[in-house]
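Position 1 is the first residue of the sequence; numbering continues from there. All heavy atoms count here, side chains included; hydrogens, waters and symmetry mates do not.
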Amino acid sequence: MTAPYLGNPKGTIEVLQKYDFVFQKKYGQNFLIDTHVLDKIIDAAHITKEDFVLEIGPGIGTMTQYLAQAAGKVYAVEIDKTLIPILEDTLQGFPNVTILNEDILKVDIKKLAEEHNAGKPIKVVANLPYYITTPIIMGLFEGDVPIASITVMVQKEVADRMQVGPGTKDYGALSLAVQYYADPYIVANVPPNCFMPRPKVGSAVIRLTRHKEPPVDVKDEKLMFRLIRASFNQRRKTLANGLNNSPELSFTKEKIQRTIEACGFREGIRGEALTLADFARLANALADTGDPYP
């Protein structure tokens with residue numbers, strides 16, 4: 001197998017010039033040009049030769065080369081068809097890599113894991129476009145996909161949001177959703193000069209290790225997430241008003257108020273003060289009171 005030779009400005013520029021590649025703003029393309037960051041990502045993902053790795057958005061194949069050296073199999077899903085000839089070139093010395101020219105949101109990842117990894121949990125590694133980070137991560141968690149971990153480069157602000165707790169300005173629906181499915185750990189902060197072209201904001205590598213079992217016991221998962229969304233859609237409102245105003249819920253105002261009191265929450269509390277366990281308790285209490293959906 002060829003040794004990785006991308007991951008620095010010189011190698012990246014040579015490849016881009018060879019193919020006259022034009023960056024596509026709509027795909028949020030920022031290629032990594034720092035080998036130290038690449039090493040940190042591979043180390044943080046704990047990849048071994050036993051692993052099947054799904055890479056989302058391989059770009060010109062920089063991180064793919066590092067993944068191929070460490071993993072048993074790598075499936076690299078790239079939406080930009082103009083990058084496919086480049087990937088076929090940069091990855092030709094890596095026989096354990098398969099390139100798919102697809103939109104990751106339309107790929108049946110569960111089927112991929114069943115066919116190529118005997119249904120065992122896979123590891124996801126990606127330098128994610130900022131504009132589509134949340135749909136990709138939540139799609140992986142909610143899609144019944146067997147996942148061991150997700151190690152991704154994201155906007156620093158988004159990484160912060162994933163791992164904070166109640167009472168902070170970054171705490172919200174994404175924090176609770178991620179923490180319900182996984183244990184988040186920020187591996188490294190990455191400045192803009194580690195990319196080509198340079199993004200306008202800082203980035204961070206975050207590892208999301210999938211929980212074997214959810215950290216809270218909730219009777220109706222969908223109801224809990226409806227409550228969470230309702231609480232943060234109007235985060236300056238009280239919890240009671242947020243739930244009462246939500247089109248996703250049809251409980252009466254009185255029932256909402258009684259249930260909040262029965263759960264022991266103080267009067268006038270806002271959703272941003274509740275933990276994941278609090279939302280699970282509230283969902284369980286409301287689930288016992290009848291049909292919650294309009």
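Side chains of F31 and L6 form no contact here, defined as non-hydrogen atoms less than 4.5 Å apart. Looking at I137 and L208, their side chains come closer than 4.5 Å, going by heavy atoms from C-beta outward. The closest side-chain heavy-atom distance from S231 to L243 is below 4.5 Å. Looking only at side-chain heavy atoms (C-beta outward), K40 and D43 stay at 4.5 Å or farther from each other. Taking 4.5 Å as the limit, some side-chain heavy atom of L54 sits within range of a side-chain heavy atom of I104. When side chains are defined from C-beta on, H46 counts as touching R207, because their heavy atoms get closer than 4.5 Å.
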Does L282 form a side chain to side chain contact (heavy atoms under 4.5 Å, CB included) with I260? I'd like the steps, not just the answer.
CA-CA 7 Å; L282 183 61; I260 289 172; 4.3 Å; yes
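Atom CZ of residue F279 and atom CG of residue L274 lie 4.5 Å apart, to the nearest 0.5 angstrom. In this structure, L16 CG and I86 CD1 are separated by 6.5 Å, a value rounded to the nearest 0.5 Å. A distance of 8.0 Å separates CZ in R229 from OG in S246, rounded to the nearest 0.5 Å. Between I147 atom CD1 and I109 atom CD1 the span is 6.5 Å, to the nearest 0.5 Å. Rounding to the nearest 0.5 Å gives a distance of 8.5 Å between CD1 of I79 and CG of N101. Residue T62 holds its OG1 atom at 7.5 Å from CG of L32, rounded to the nearest 0.5 Å.
A side-chain donor-acceptor contact under 3.5 Å links N245 to the backbone of N241. When atom types are taken as modelled, the side chain of N96 and the backbone of A68 share a donor-acceptor pair closer than 3.5 angstrom. A side-chain donor-acceptor contact under 3.5 Å links K49 to the backbone of Q69. Under the 3.5 Å distance criterion, the side-chain polar atoms of E78 are left unmatched by any main-chain donor or acceptor of I99. The backbone N or O of S175 sits nowhere less than 3.5 Å from a side-chain atom of Q163 that would complete a donor-acceptor pair. For the pair E157 (side chain) and S203 (backbone), a donor-acceptor distance under 3.5 Å is absent. Between the side chain of N127 and the backbone N or O of N30 there is at least one donor-acceptor pair closer than 3.5 Å. A donor-acceptor pair is defined here as one N or O able to donate and one able to accept, closer than 3.5 Å; such a pair exists between the side chain of H211 and the backbone of A182.
By the ring-ring contact (aromatic ring centres under 6.0 Å, His included) test, F94 is found to be paired with no residue, residues two or more places apart in sequence or in another chain being considered. Every ring-ring contact (aromatic ring centres under 6.0 Å, His included) that F225 has, sequence neighbours left out, goes to Y180.
K123 pairs in a side chain to side chain donor-acceptor pair (under 3.5 Å) with only one of the listed residues (D51, N117, T48), which is D51.
Side-chain N/O atoms of Q29 and D80 include a donor and acceptor closer than 3.5 Å. In this model, no donor atom of one side chain and acceptor atom of the other lie less than 3.5 Å apart for D39 and Y66.
Residue-environment remark: CD (E267) stays at or below the threshold of 12 foreign heavy atoms within 6.0 Å. Counting heavy atoms of neighbouring residues, nucleotides and ligands inside a 6.0 Å radius, atom NZ of K169 does not exceed 12 of them.
Linking Ile, Leu, Val, Met, Phe, Trp and Tyr whenever their side-chain heavy atoms come within less than 4.5 Å leaves V201 and V152 in two separate clusters.
Identified under the ring-ring contact (aromatic ring centres under 6.0 Å, His included) test for residues 107-140, with sequence neighbours left out: Y75-H116.
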